[in-house]
Protein chains: 2
Amino acid sequence: MDVKTVCLGMLTDGPASGYDMKKCFESSFGHFFPAGYGSIYPALATLARNGLVEFEEVPQEGKPDRKVYTITEKGREELMKGLSNTSPTHKVRSEFLAMMCFAHLMSAEQIDEVIDNKLLELDAFLKLFDDIPTGQCQSMPNGARFVAGFGQFVASSLKTYIEEHRGMLTESDEEKIRAAAGR
Amino acid sequence: MDVKTVCLGMLTDGPASGYDMKKCFESSFGHFFPAGYGSIYPALATLARNGLVEFEEVPQEGKPDRKVYTITEKGREELMKGLSNTSPTHKVRSEFLAMMCFAHLMSAEQIDEVIDNKLLELDAFLKLFDDIPTGQCQSMPNGARFVAGFGQFVASSLKTYIEEHRGMLTESDEEKIRAAAGR
DNA sequence: ATGCATAGTATCAGTTTGATATATAAAAAC
DNA sequence: GTTTTTATATATCAAACTGATACTATGCAT
């Protein structure tokens with residue numbers, strides 16, 4: 001399951017251009033499956049070369065032409081193959097956690113700034129969910145609701161953990177012993 | 001913060017070979033910052049070329065030679081630069097969530113198998129933490145304890161969410177309406 | 001005997017990342 | 001009133017990463 005498969009999946013919802021798909025990655029998919037122009041355009045080129053999508057060039061006045069892609073029957077079959085993997089991955093790549101492993105090499109001020117920024121980031125992310133009205137939510141496909149709920153739940157879990165345990169990152173050895181004894 | 005920086009960080013704990021570092025990625029770092037030979041060896045080669053690490057070839061009987069790397073003063077400075085970024089990333093790339101977005105294109109059996117596998121995977125991951133005795137835990141650096149706790153907390157949160165919400169992935173439209181009404 | 005695990009090095013094709021280039025128009029900022 | 005930013009749309013590139021594979025040699029298990 002790579003960017004190509006996700007593009008095919010997006011096209012089952014109707015024709016779209018590479019630019020449209022980038023928007024879609026930015027607003028939703030990108031939160032758990034990031035992709036930029038550098039992967040989207042090559043993916044569409046490969047899909048077209050293999051006959052999994054077709055495109056039509058649509059001229060526009062005052063704006064660049066659009067290449068509007070449509071999924072083919074062969075593309076639908078390929079998508080089904082992509083969805084038949086019963087052990088899809090779920091990977092994390094976190095500079096944040098790697099950095100925290102080396103917290104003992106950092107100053108308390110540095111650590112606090114990193115933590116504060118991460119909490120702000122999480123708040124900004126959680127705010128996105130406030131805008132989704134319940135009415136619209138019910139019209140969303142089941143899968144999308146599951147995934148949105150997942151994101152919200154995980155983000156608020158992260159926030160809770162960080163808030164409750166940030167203290168241990170900056171506490172001295174003596175404090176550490178005291179904390180362990182008081183437990 | 002790339003693989004090079006993490007390698008430098010590992011070397012602050014003492015000299016190590018590329019093979020040793022691969023072990024370290026597999027057992028701990030890899031859970032939140034994956035790296036294989038394909039990134040470790042080129043990283044070490046670049047670090048050596050730039051004088052951030054030095055290495056010594058250690059012959060062994062019956063086994064291939066080891067290249068044992070040591071961090072240099074210049075390497076320590078570079079590491080500090082790497083740790084000075086106050087907004088480190090935390091990215092997720094999830095075939096699992098992407099796939100669940102297209103759950104409406106899948107059969108209930110397919111979805112159930114994917115979910116069951118993901119829950120088994122989470123259980124296997126959570127089991128890793130049972131082996132860490134509390135005594136050893138207290139001797140770990142603060143940062144490592146924070147990160148380990150983070151992983152455990154997030155994994156059990158994921159598990160809870162999936163268990164409690166998997167129903168909505170396979171429920172029919174009528175069930176969906178009934179569930180919404182009963183809420 | 002044959003396959004697999006461990007110890008160790010390294011490379012390679014295919015992908016992805018993040019930035020950048022190109023072009024025009026409209027909206028916003030100063 | 002001019003400059004800057006944002007939006008529309010395409011595409012490419014170096015650097016990095018992924019996942020698999022290759023090579024060598026010992027030992028253990030089936």
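Throughout, a chain's letter reflects where its sequence line sits, starting with A, and its residues are numbered from 1.
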Proximity to the side chain of [X] - top-ranked nucleotide from [options]:
X: B:Val3; options: D:dT10, D:dT21, D:dC17; answer: D:dC17
X: B:Tyr37; options: D:dA11, D:dA20, C:dT15; answer: D:dA20
X: B:Pro34; options: D:dT18, D:dA16, C:dT11; answer: D:dT18
X: A:Asp20; options: D:dA9, C:dT17, C:dT11; answer: D:dA9

Using a cut-off of strictly less than 4.0 Å, decide whether [X] has a side-chain nitrogen or oxygen near OP1 or OP2 of [N].
X: B:Lys23; N: C:dG8; answer: no
X: A:Tyr41; N: D:dT10; answer: yes
X: A:Tyr19; N: D:dT8; answer: yes
X: B:Gln60; N: C:dA7; answer: no
X: B:Arg93; N: D:dT18; answer: no
X: A:Lys91; N: D:dC17; answer: no

Rounded distance in Å - [atom1] ([X]) to [atom2] ([N]):
X: B:Phe25; N: D:dG19; atom1: CZ; atom2: C1'; result: 16 Å
X: A:Ile40; N: C:dT20; atom1: CD1; atom2: P; result: 19 Å
X: B:Met21; N: D:dC17; atom1: CE; atom2: C1'; result: 18 Å
X: B:Leu44; N: C:dG8; atom1: CG; atom2: P; result: 15 Å
X: B:Glu95; N: C:dT16; atom1: CD; atom2: C1'; result: 14 Å
X: A:Asp2; N: D:dT18; atom1: CG; atom2: C1'; result: 12 Å
X: A:Met1; N: C:dT16; atom1: CE; atom2: P; result: 12 Å
X: A:Glu56; N: D:dT10; atom1: CD; atom2: P; result: 13 Å

Inset, instruction - Between B:Thr89 and B:Pro64, name the one whose nearest nucleotide on DNA chain C is closer to the 5' end. - result: B:Pro64
Legend entry - Residue whose closest nucleotide on DNA chain C lies nearer the 5' end, B:Pro42 versus B:Arg66: B:Arg66
Legend entry - Sugar-phosphate only, base, or nothing, as touched by B:Lys22 at under 4.0 Å among non-hydrogen atoms: nothing
Would you call [X] and [Y] a salt bridge, using N to O less than 4.0 angstrom?
X: B:Asp2; Y: A:Arg93; result: no
X: A:Glu121; Y: A:Lys118; result: yes
X: A:Lys22; Y: A:Glu26; result: yes

Inset, instruction - Over 60° means perpendicular and under 30° means parallel, so classify the ring planes of A:Phe146 and B:Phe96, tilted if in between. - result: perpendicular
Legend entry - B:Phe29 vs B:Met10 side-chain heavy atoms within contact, under 4.5 Å: yes
Inset, instruction - Answer yes or no: does atom CD of B:Glu163 have more than 12 heavy-atom neighbours from other residues, nucleotides or ligands under 6.0 Å? - result: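 Atom CD in B:Glu163 is crowded, with more than 12 foreign heavy atoms closer than 6.0 Å.
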